[in-house]
Number of protein chains: 2
Amino acid sequence: MKTTPETVKYVRRFGQRVRLIRQQNELSQEELADRAGVHRTYIGMVERGEKNATIVTIVKISGALGVPATELVREIEDA
Amino acid sequence: MKTTPETVKYVRRFGQRVRLIRQQNELSQEELADRAGVHRTYIGMVERGEKNATIVTIVKISGALGVPATELVREIEDA
DNA sequence: TTGAGCTACAGACCATAATTAGCATTGCCG
DNA sequence: CGGCAATGCTAATTATGGTCTGTAGCTCAA
């Protein structure tokens with residue numbers, strides 16, 4: 001998929017929500033990564049809006065954060 | 001990403017929700033694809049649980065279906 | 001200062017998301 | 001019957017998701 005401005009927008013908002021909830025849970029990126037079963041640097045990229053995560057990864061991360069997947073997708077879409 | 005059983009599970013449930021809501025809206029796969037700006041066959045693959053869609057694609061499809069992205073992610077995660 | 005914990009970032013790599021074209025099948029309708 | 005709409009399915013290609021290694025910067029405590 002091409003990296004359109006909209007692409008960047010949604011991905012960035014998703015990353016912001018991940019970072020926010022991770023910090024509320026007082027987890028480091030590495031702790032979150034380990035719990036989610038993804039790589040350390042990948043969490044960083046997601047939070048910075050550099051990676052367009054898939055459903056499976058979203059579920060992994062939401063599980064590791066102890067929130068439903070819908071929490072991470074909330075309010076990402078509207079302008 | 002490896003195709004683990006969990007992978008298949010979440011992806012399949014997501015596809016089921018897409019198909020359900022598409023049919024409730026009385027759209028063909030092709031109409032949905034055009035509205036979402038993705039290819040016809042891709043929608044078919046998603047509904048059949050063969051594709052692990054990304055955030056951007058989820059938002060595109062949810063927009064084309066006229067529902068919030070959270071609607072498509074709802075109840076995908078639990079066993 | 002020195003060291004430890006946390007994060008940003010770059011580069012290389014493999015698996016796969018997403019595109020596209022093509023053909024087969026099913027069911028419905030004239 | 002023939003034709004049309006909708007879907008399933010395959011194969012080939014390109015772009016990118018996700019892994020891994022390593023470097024560098026920051027803050028804070030000893």
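In the text below, chain A, chain B and the rest are named by the order of the sequence lines, each starting its count at 1.
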Measure NZ/A:Lys51 against P/C:dC9 and give the value in whole Å, please.
14 Å
Report the distance from atom CD1 of A:Ile43 to atom P of C:dC9, rounded to the nearest whole Å.
16 Å
If you check every side-chain atom of B:Thr41, which of D:dT21, C:dA21, D:dG17 has the closest atom?
C:dA21
Check A:Asn52, A:Thr57, A:Val46 against B:Ile55 for a side chain to side chain contact (heavy atoms under 4.5 Å, CB included) and give me the one that passes.
A:Asn52
Under 4.0 Å between a side-chain N/O of A:Asn52 and OP1 or OP2 of D:dG17, yes or no?
yes
Closest nucleotide of DNA chain C for A:Met45 versus for A:Gln23: which of these residues is on the 5' side?
A:Gln23
Between the NE2 atom in B:His39 and the CD atom in B:Glu30, the distance rounded to the nearest 0.5 Å is 8.5 Å
pair B:Leu27-B:Arg35: side-chain heavy atoms closer than 4.5 Å:
yes
Would you kindly give the CG-to-P distance between A:Leu27 and C:dG5, to the nearest whole Å?
17 Å
Rounded to the nearest Å, what distance is computed from the CD atom of residue A:Glu31 to the C1' atom of nucleotide C:dT7?
13 Å
Nearest listed nucleotide, side chain of B:Arg40, among D:dT7, C:dA8, D:dG17:
D:dT7
Do B:Ile21 and B:Tyr10 sit in the same hydrophobic cluster, where Ile, Leu, Val, Met, Phe, Trp and Tyr count as joined when their side-chain heavy atoms come under 4.5 Å apart?
yes
Nearest whole Å is fine: how far is D:dA12 P from B:His39 NE2?
17 Å
Looking only at D:dC9, C:dA17, C:dT7, the nucleotide nearest the B:Glu50 side chain is D:dC9
Considering just the side-chain nitrogens and oxygens of B:Gln29, establish if one lies under 4.0 Å of OP1 or OP2 belonging to D:dG8.
yes
Nearest-angstrom distance from the residue atom CD1 of A:Ile55 to P of D:dG17:
14 Å
Of A:Glu31, A:Lys51, A:Arg48, A:Gln29, which is the lone residue that meets side chain to side chain contact (heavy atoms under 4.5 Å, CB included) with A:Ile43?
A:Gln29
What nucleotide, of C:dA17, C:dA8, D:dT19, holds the atom closest to the side chain of A:Arg19?
C:dA8
Could you check how far CD of B:Glu47 sits from P of D:dT7, rounded to whole Å?
8 Å
Listed nucleotide nearest any side-chain atom of A:Arg48, set C:dT20, D:dT7, C:dC9:
C:dC9
A:Ser28 side chain: which of C:dT7, C:dC9, D:dG17 is closest?
C:dT7
Separation of B:Tyr42 atom OH from C:dA21 atom C1', in whole Å?
18 Å
With respect to the phosphate group of C:dA18, does any side-chain polar atom (N or O) of B:Thr57 fall under 4.0 Å of OP1 or OP2?
yes
In terms of the nearest nucleotide of DNA chain D, which residue is placed more toward the 5' end: A:Gly37 or B:Glu30?
B:Glu30
